[in-house]
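Everything below concerns the one structure shown next.
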Amino acid sequence: MLLEEHHDIGFTTFNQASLSYAFYMSLCGLVALYIPPLTLVVFTEKLTIRERSKTPNNFDPTVMLY
């Protein structure tokens, strides 16, 4: 930020700010940190749903009684 007296002289930073490499590297680091656990959760959830659908729906628990 510039002081008011610098603005009066004519100094400005309008449209001169940009993101550096550190921002993009930290963004890639966050993606690399969060994507693998999220993919594990999604695929585990899909496998669980698939295994639930393979269980027979007409299972009678009284068969196990003697």
Side-chain angles (χ1 to χ4, degrees):
M1 292 182 35
L2 297 174
L3 298 174
E4 187 65 35
E5 57 198 32
H6 295 146
H7 282 287
D8 294 339
I9 296 172
F11 290 112
T12 181
T13 57
F14 184 71
N15 285 336
Q16 294 180 0
S18 63
L19 299 174
S20 65
Y21 290 108
F23 172 76
Y24 294 112
M25 289 183 71
S26 61
L27 189 65
C28 290
L30 285 174
V31 168
L33 181 69
Y34 286 115
I35 291 294
L38 289 176
T39 55
L40 283 176
V41 167
V42 168
F43 286 123
T44 304
E45 208 44 49
K46 285 182 181 178
L47 289 175
T48 307
I49 290 171
R50 190 178 301 157
E51 287 174 2
R52 272 192 227 143
S53 65
K54 288 182 181 179
T55 58
N57 293 335
N58 56 0
F59 179 72
D60 187 16
T62 58
V63 172
M64 301 303 285
L65 297 175
Y66 287 94

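Because the structure is predicted, anything quoted here is derived from the model rather than measured. Atom set for the values below is all heavy atoms of this structure, side chains included, hydrogens, waters and symmetry mates excluded.
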Not counting sequence neighbours, which residues clear side-chain contact (heavy atoms from CB on, under 4.5 Å) with [X]? List them please.
{"X": "F11", "result": "L2, H6, I9"}
{"X": "L19", "result": "F23, Y24"}
{"X": "S26", "result": "none"}

How far does CG of L40 sit from CD1 of I35, to the nearest 0.5 angstrom?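 These two atoms lie 11.5 Å from each other.
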
Is the backbone of P36 close enough, under 3.5 Å, to the side chain of T39 for a donor and an acceptor to pair up by distance?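 Yes; judged by distance alone, with no hydrogens or angles, the pair exists.
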
